[in-house]
Amino acid sequence: MASGSGTSPLLRVAKNSGWLLSGKGVGAVLSLFYLAIVTRTLGPSGFGVFALVLTIAQFIKRFITFDSWQGVVKFGHEYGDAHEDGRLGRLLGATLTVDLVTSAIGLVAGPIICFGLGDLLGWEPVVQLWGAIYTAVLLLGLYSTPTGLLRMLDRFGAGAAAETAMPVVRMIGALVALAFAPSIDGFILAWMASELATSVAYWALAYRHAPGIVRRIRLTNPFRIHRNFPGLWRFLFASNINLTVTTLISQAPILLLGSFGAAAAAGYYRLAAQLSNSMTKVSQMLSRAIFTEMARSHAYADRDLSRREIAHVLKRTSAAAGLAAAVIAVALVFLGKPLILLMSGAEYLPAYPLLLLLGISAALEVGSVSIDPLLLATDRTRQLVVIRLATLAIMLVGIAVSLERHGPLGIAWSVLVSTVAALVLRVIAVWRGPGRDAGPAPAHAGSDLPPDPDAHE
């Protein structure tokens with residue numbers, strides 16, 4: 001296993017973040033171009049409908065499925081260097097089984113949610129139809145397990161290459177749609193192609209870098225996963241709750257605006273959110289690299305990393321993230337309006353105030369990027385879930401008070417206030433110390449897996 005145990009943890013975080021930056025950097029740059037094509041072609045109202053379709057599908061996927069890559073990273077390191085005798089292959093088989101089961105549930109629930117909830121909330125028929133279709137494509141992607149394998153093996157360069165497939169295919173697809181089908185349908189088809197291409201890229205690169213492990217993957221009985229990997233279901237459920245709430249925080253504003261028939265407002269908000277996210281890719285890459293390092297340190301605490309080293313990693317990464325947050329905030333003030341004008345034109349200028357507020361909120365998330373991976377990797381998922389739920393509650397109260405009077409601007413202010421509150425709660429959680437709310441770790445470092453009950457089948 002390419003664990004890199006002889007390398008400084010800080011250097012591993014920096015190296016892995018650098019690889020992720022290469023993929024995220026390409027995505028951030030290309031997203032500006034294909035967003036420009038989509039926004040100028042569809043106009044604010046059309047782009048609002050397009051945004052609502054993407055938001056609905058992403059929310060359904062997040063609500064129903066798990067981020068199984070986190071289970072691969074955490075439990076793969078928990079069980080040590082045992083992949084050579086097929087044990088890691090069984091872990092991947094378990095997470096892939098989870099992916100398939102939840103995706104099957106989603107394929108049934110997706111259309112019910114899109115058409116049933118769509119009628120209740122007043123979504124246009126085109127939104128309901130494409131929302132159901134795009135949801136199915138997202139659910140069939142199934143690339144969380146190979147993503148976890150590459151990250152656990154420190155193959156972040158391969159992961160970055162796979163992740164680049166999505167923006168590249170979206171860019172190509174946007175150009176094709178512009179030439180032959182300049183409509184909502186054409187651009188959604190392009191986005192679907194990008195999801196499938198990303199799945200193929202992740203599985204291909206996982207096989208290239210770990211063919212022996214991938215060949216040992218076998219699907220398992222979902223009811224036996226807990227026996228084989230005690231704590232895996234619990235970890236994935238807790239992680240899913242956190243991620244679902246996080247998705248609600250980011251996607252609820254667009255869903256609410258779309259439900260009130262404000263397609264153009266939803267388009268403005270989506271554009272502002274997309275631009276602010278493009279400028280904060282550093283937080284995602286740092287978070288993923290830090291989580292991998294914290295999972296390794298938690299599994300090998302007696303053999304690899306001391307608490308002093310962990311504190312050193314957190315201190316340095318937090319300082320780097322804080323500097324990045326300050327740069328992002330300043331860049332948004334001076335470059336936000338020119339960027340919107342250049343990309344999408346004057347008709348999207350109402351998105352600028354939203355970009356400022358959402359950008360500052362995203363910058364605060366960047367500044368606290370080290371905290372969530374620490375809580376997640378050290379079995380303190382419950383604290384993280386409580387923080388997210390409190391953040392969601394604060395945001396929803398703010399939206400309820402301000403939406404009718406201030407529209408999208410009121411929503412953006414609510415997001416910013418809730419983000420500040422979340423930052424305070426995170427700092428308190430770290431300051432209170434390393435409690436283990438989620439119970440004991442699934443296994444100790446270097447311990448053996450239980451016998452495989454499926455081995456005879």
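Any value given below was found using the heavy atoms of this structure, including those in side chains, with hydrogens, waters and symmetry copies removed.
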Under the ring-ring contact (aromatic ring centres under 6.0 Å, His included) test, residues paired with [X] that sit two or more places apart:
X: Tyr143; answer: Tyr202
X: Phe47; answer: none
X: Phe187; answer: none
X: Trp130; answer: none

Report task. Take Leu88 and Leu149, measure what side chain to side chain contact (heavy atoms under 4.5 Å, CB included) needs, and give me the verdict at the end. Result -> CA-CA 9 Å; Leu88 184 53; Leu149 175 61; 4.2 Å; yes

Query raised in the report: With Arg62, which residues qualify under salt bridge (charged side-chain N to carboxylate O under 4.0 Å, His left out), at least two apart?
Result: Asp67

Just how far is it from atom [atom1] of [X] to atom [atom2] of [Y], taken to the nearest 0.5 Å?
X: Phe235; Y: Phe229; atom1: CZ; atom2: CZ; answer: 14.0 Å
X: Glu195; Y: Arg170; atom1: CD; atom2: CZ; answer: 6.0 Å
X: Leu129; Y: Phe115; atom1: CG; atom2: CZ; answer: 5.0 Å
X: Leu32; Y: Leu30; atom1: CG; atom2: CG; answer: 8.5 Å
X: Ile172; Y: Tyr34; atom1: CD1; atom2: OH; answer: 12.5 Å
X: Ser31; Y: Leu275; atom1: OG; atom2: CG; answer: 7.5 Å

Report task. Apply side chain to side chain contact (heavy atoms under 4.5 Å, CB included) to Ile217 and list each qualifying residue two or more places apart in sequence or on a separate chain. Result -> Leu92, Leu96, Trp203, Val214

Requested in this report: Could you tell me which residues satisfy side chain to side chain contact (heavy atoms under 4.5 Å, CB included) with Ala190, sequence neighbours excluded, listed by chain and number?
Outcome: none

Can you give each donor-acceptor pair under 3.5 Å made by side-chain atoms of residues 332-355, sequence neighbours left out, with the distance rounded to 0.1 Å?
unit_1: Ser344; atom_1: OG; unit_2: Thr39; atom_2: OG1; d: 2.8
unit_1: Tyr348; atom_1: OH; unit_2: Thr39; atom_2: O; d: 2.8
unit_1: Tyr348; atom_1: OH; unit_2: Gly43; atom_2: O; d: 3.0
unit_1: Tyr352; atom_1: OH; unit_2: Val333; atom_2: O; d: 3.1

Query raised in the report: Taking Ser194 for the side chain and Trp191 for the main chain, is one N or O donor matched with an acceptor at less than 3.5 Å?
Result: yes

Report task. Answer yes or no: is there a donor N or O on one side and an acceptor on the other, between the side chain of Arg218 and the main chain of Arg215, under 3.5 Å? Result -> yes

Shortest non-hydrogen contact from [X] to [Y]?
X: Leu138; Y: Gln58; result: CD1-N, 3.8 Å
X: Leu91; Y: Gly71; result: CD2-O, 4.5 Å
X: Ala197; Y: Val169; result: CB-CG2, 3.6 Å
X: Pro222; Y: Thr97; result: CG-CG2, 3.9 Å
X: Leu232; Y: Ala94; result: CD2-CB, 4.2 Å
X: Ile411; Y: Pro253; result: CG2-CB, 3.3 Å

Requested in this report: Find out whether Leu257 and Leu403 are in side-chain contact, i.e. whether some heavy atom of one side chain is under 4.5 Å from a heavy atom of the other.
Outcome: yes

Query raised in the report: Should Ser402 and Trp413 count as side-chain neighbours, where that means a heavy-atom distance under 4.5 Å?
Result: no

Requested in this report: Dump the intermediate steps for side chain to side chain contact (heavy atoms under 4.5 Å, CB included) on Thr55 and Arg270, then the final yes or no.
Outcome: CA-CA 9 Å; Thr55 301; Arg270 173 79 182 197; 3.4 Å; yes

Report task. In sequence, state the C-alpha distance, the side-chain angles, and the governing distance for His209 and Leu153, and then conclude on side chain to side chain contact (heavy atoms under 4.5 Å, CB included). Result -> CA-CA 9 Å; His209 290 283; Leu153 298 177; 5.7 Å; no

Distance-only criterion, 3.5 Å: show the donor-acceptor pairs between side-chain atoms of residues 98-113 and protein atoms not counting sequence neighbours.
unit_1: Asp99; atom_1: OD1; unit_2: Ser68; atom_2: OG; d: 2.9
unit_1: Asp99; atom_1: OD2; unit_2: Ser68; atom_2: OG; d: 3.0
unit_1: Asp99; atom_1: OD2; unit_2: Thr145; atom_2: OG1; d: 2.9
unit_1: Thr102; atom_1: OG1; unit_2: Val98; atom_2: O; d: 2.8
unit_1: Thr102; atom_1: OG1; unit_2: Asp99; atom_2: O; d: 3.1
unit_1: Ser103; atom_1: OG; unit_2: Asp99; atom_2: O; d: 2.8
unit_1: Ser103; atom_1: OG; unit_2: Leu139; atom_2: O; d: 2.9

Report task. Report the residue from Leu423, Leu416, Ile249, Leu356 that forms a side-chain contact (heavy atoms from CB on, under 4.5 Å) with Ser361. Result -> Leu416

Can you give me every donor-acceptor pair (side chain of residues 389-399, partner residue at least two apart or in another chain, under 3.5 Å) with its distance?
unit_1: Thr391; atom_1: OG1; unit_2: Ile387; atom_2: O; d: 2.8

**Report entry** Contacts of Thr135 that satisfy side-chain hydrogen bond (donor to acceptor under 3.5 Å, both in side chains) - sequence neighbours left out
**Finding:** none

Query raised in the report: What pairs with Thr147 under side-chain hydrogen bond (donor to acceptor under 3.5 Å, both in side chains), at least two apart in sequence or on another chain?
Result: none

Requested in this report: Return yes when atom CZ of Phe63 has more than 12 non-hydrogen atoms of other residues, nucleotides or ligands closer than 6.0 Å, and no otherwise.
Outcome: no

